[in-house]
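A quick write-up on the structure given underneath.
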Amino acid sequence: VPELPEVETTRRALADGLEGAKVRSVVVKRDRMVRRQARPGDFAQRLVGRMVESVGRTGKFLMTQLSEDLTWVTHLGMSGRLRLVPSPEPQEPHTNIVVTMGSGIDLRFIDPRTFGFMAVFTPQELENSSLARLGPDALDHLPTARSLQQRLANRTAPIKALLLDQNLVAGLGNIYADEVLHRAQVRPDRQGGSLDAGEVKALRSAVRPVLNAGLRWGGTSLDDLAYLLPDGSAGQYLDRLKVYGREDEPCRRCGTPIRRAMLRGRSTHWCPSCQK
Ligand SMILES: [Zn+2]
């Protein structure tokens, strides 16, 4: 599942090709991919002829600013990815949306499971959507330790589940939440409200280094290669993960075998020695 580093890697790769370009035509092959649009026909109609002003991001959402105050929102869902290719290039399977730019380049949304979506929202629609409730971005607007501690106070849910709550902090998913908790040396099943000030500080300090490490390597492409960069290459962070996907392998800090268990339905990895 693409998380902040994968979406930010995608954003950076798209910005050069899209910013300043005009949308020439749009083809939606699966209506399900524009299901968040109140009237599905609005999607293509609002995009065509608009100029891309900037490609932005909040959490796991790409937020592309268009002319006339429209916001083009993209969520990659479970298995979605974007490609930027010359229009004549053959389309691969599961290419569900094609946005052709005036420059002769296609932005293609490939999503076998169709959990992802695209929509073009007016400012009012954006304000009324669930996106308005997203928490601060984990990379660009990480809350202070004090603010984080206030948000965690009295929370009985496991800290791992709270890190996955996009309304608390936006951008962390299953892989990077495990990595952050390992770096902070906090057990994933601790109740959020039980963390003391020092632990919250350690947790807060762990977020950006982990996300930046993922970014440096172009994100994490798992063995299924569901996530790839817009040029079709794979992210290289998988082999550098500290705990995720490393059950029974030695902790890179202390050598203790990494444990894995299901926590609230999510596969969770941690070091039983390092993490308290
Ligand atoms: Zn360890």
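None of these values were measured; they are calculated from a predicted model. Heavy-atom basis, side chains included; hydrogens, waters and symmetry copies ignored.
Looking only at side-chain heavy atoms (C-beta outward), I258 and D248 stay at 4.5 Å or farther from each other. Using a 4.5 Å heavy-atom threshold, the side chains of T100 and V23 count as separate. In this structure the side chain of L215 reaches within 4.5 angstrom of the side chain of T9, judged on heavy atoms. Residues V28 and F43 have side chains in contact (heavy-atom distance under 4.5 Å, counting atoms from C-beta outward). Two residues are said to be in side-chain contact when any heavy atoms from C-beta on lie closer than 4.5 Å; V169 and P143 meet this criterion. The closest side-chain heavy-atom distance from V52 to M101 is below 4.5 Å. Side-chain contact between N174 and R266 is present, with heavy atoms from C-beta onward closer than 4.5 Å. C251 places a side-chain heavy atom less than 4.5 Å from the side chain of H182.
Residue pairs that meet the salt bridge (Lys or Arg N to Asp or Glu O under 4.0 Å) test with at least one member in residues 217-242, sequence neighbours left out, do not exist here. For residues 203-218, the set of pairs meeting the salt bridge (Lys or Arg N to Asp or Glu O under 4.0 Å) definition, not counting sequence neighbours, is empty. Within the structure, salt bridge (Lys or Arg N to Asp or Glu O under 4.0 Å) pairs that include any residue of residues 105-118 comprise D106-R108 (at least two apart or interchain).
Grouped with M262 in a hydrophobic cluster is no other residue, since no side-chain heavy-atom contact under 4.5 Å to another Ile, Leu, Val, Met, Phe, Trp or Tyr is found. Residue M63 shares its hydrophobic cluster (ILVMFWY side chains chained together at separations under 4.5 Å) with F61, V73, F117, F121, L126, L131, L134. The hydrophobic cluster containing M78 also includes V1, F115, under a criterion of side-chain heavy atoms closer than 4.5 Å among ILVMFWY residues, counted directly or through chains of members.
Under a 3.5 Å cut-off, the side chain of Q275 and the backbone N or O of L181 do form a donor-acceptor pair. Listed for the R35 side chain is no donor-acceptor partner under 3.5 Å among the backbone atoms of M118. Using modelled atom types, one side-chain atom of E179 and one backbone atom of Y244 make a donor-acceptor pair closer than 3.5 Å. Without hydrogens or angle criteria, R11 side chain to A15 main chain gives no donor-acceptor distance under 3.5 Å. E53 places no side-chain N or O within 3.5 Å of a backbone atom of G20 that could act as its donor or acceptor partner. Counting only distance, with no hydrogens or angles, the side chain of R190 and the backbone of K276 share a donor-acceptor pair below 3.5 Å. Between the side chain of E3 and the main chain of G59, no donor-acceptor pair closer than 3.5 Å is present. Between the E125 side chain and the T122 main chain, a donor and an acceptor come within less than 3.5 Å of each other. The main-chain N or O of L70 is found under 3.5 Å from a side-chain atom of Q65 such that the two form a donor-acceptor pair. One N or O on the side chain of Q37 and one on the backbone of V120 form a donor-acceptor pair closer than 3.5 Å.
Scanning for salt bridge (Lys or Arg N to Asp or Glu O under 4.0 Å) contacts around R187 gives D189, with sequence neighbours left out. Contacts of N167 classified as side-chain contact (heavy atoms from CB on, under 4.5 Å), with partners at least two apart in sequence or in another chain: R133, D165. A44 pairs by the side-chain contact (heavy atoms from CB on, under 4.5 Å) definition with V26, not counting sequence neighbours. Applying the salt bridge (Lys or Arg N to Asp or Glu O under 4.0 Å) rule to R30 yields no partners; only residues at least two apart in sequence or on another chain are considered. With sequence neighbours left out, Q185 forms a side-chain contact (heavy atoms from CB on, under 4.5 Å) with R253, C274. In this structure, R183 has no salt bridge (Lys or Arg N to Asp or Glu O under 4.0 Å) partners at least two apart in sequence or on a different chain.
Side-chain atoms of S67 and R50 include no donor-acceptor pair closer than 3.5 Å. Between the side chains of E6 and Y237, not a single donor N or O lies within less than 3.5 Å of an accepting N or O. Judged by distance alone, the side chains of S79 and Y227 never bring a donor and an acceptor atom under 3.5 Å apart.
Results of the side-chain contact (heavy atoms from CB on, under 4.5 Å) test with P230 over L14, L107, V85 single out L14 as the only residue that passes.
Residue V180 is not grouped with residue L164 when hydrophobic side chains (ILVMFWY) are merged at heavy-atom distances under 4.5 angstrom, including chains of intermediate members. In terms of hydrophobic clustering, with Ile, Leu, Val, Met, Phe, Trp and Tyr side chains grouped at heavy-atom distances under 4.5 Å, L18 and V99 are assigned to a common cluster. Residues L4 and L76 are members of separate hydrophobic clusters, defined by side-chain heavy-atom contacts under 4.5 angstrom among Ile, Leu, Val, Met, Phe, Trp and Tyr. Residues V207 and I175 share a single hydrophobic cluster, defined by chaining ILVMFWY side chains whose heavy atoms lie under 4.5 Å apart. Note: the hydrophobic cluster containing V7 does not contain L222 (ILVMFWY, side chain heavy atoms under 4.5 Å, direct or indirect links).
The minimum heavy-atom distance linking H269 with V243 is given by the pair CB-O, 3.4 Å. The minimum heavy-atom distance linking L229 with G235 is given by the pair CD1-N, 3.7 Å. Residue A234 comes nearest to L228 through the heavy atom pair CA-CD2, 3.7 Å, listed as atom of the first residue, atom of the second, then distance. When all heavy atoms are compared, the tightest approach of A170 to G135 is CB-O, 3.5 Å. The two residues G77 and P2 make their nearest non-hydrogen contact at O-CD, 3.4 Å. The two residues P209 and S205 come nearest to each other via the heavy atoms CD-O, 3.1 Å.
Look at R57 and D140 and you find a salt bridge, because one of the NZ, NE, NH1 or NH2 atoms lies within 4.0 Å of a carboxylate O, short of that distance.
Taking CG of L148 as the reference point, atom CZ of R146 lies at 13.0 Å (rounded to 0.5 Å). Of the inter-residue distances, the one linking F109 atom CZ with T95 atom OG1 reads 11.0 Å to the nearest 0.5 angstrom. One finds the CG atom of L203 at 11.0 Å from the CD atom of Q149 (value rounded to the nearest 0.5 Å). Separating the CG atom in N96 from the CD atom in Q91 is a distance of 10.0 Å, to the nearest 0.5 Å. Residue S194 holds its OG atom at 9.5 Å from CG of L152, rounded to the nearest 0.5 Å. Here CG of D137 is found 9.0 Å from CG of L142. Values are rounded to the nearest 0.5 Å.
Residue-environment remark: CZ (R46) exceeds the threshold of 12 foreign heavy atoms within 6.0 Å. With a 6.0 Å radius and a threshold of 12 heavy atoms from other residues, nucleotides or ligands, E89 has its CD atom above the threshold.
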- Can you list the steps and then say if C271 with R246 is a side chain to side chain contact (heavy atoms under 4.5 Å, CB included)? CA-CA 10 Å; C271 171; R246 298 193 64 245; over 6 Å; no

- Tell me, with the steps shown, if S267 and R260 meet side chain to side chain donor-acceptor pair (under 3.5 Å). CA-CA 7 Å; S267 180; R260 172 182 176 276; 2.9 Å; yes

- Message: Go through it in stages, so that I can follow the logic: the residues are K60 and E8, the test is salt bridge (Lys or Arg N to Asp or Glu O under 4.0 Å), and I'd like the CA-CA distance, side-chain angles, deciding distance and then a yes or no.
- Response: CA-CA 8 Å; K60 305 178 200 171; E8 176 62 13; over 6 Å; no

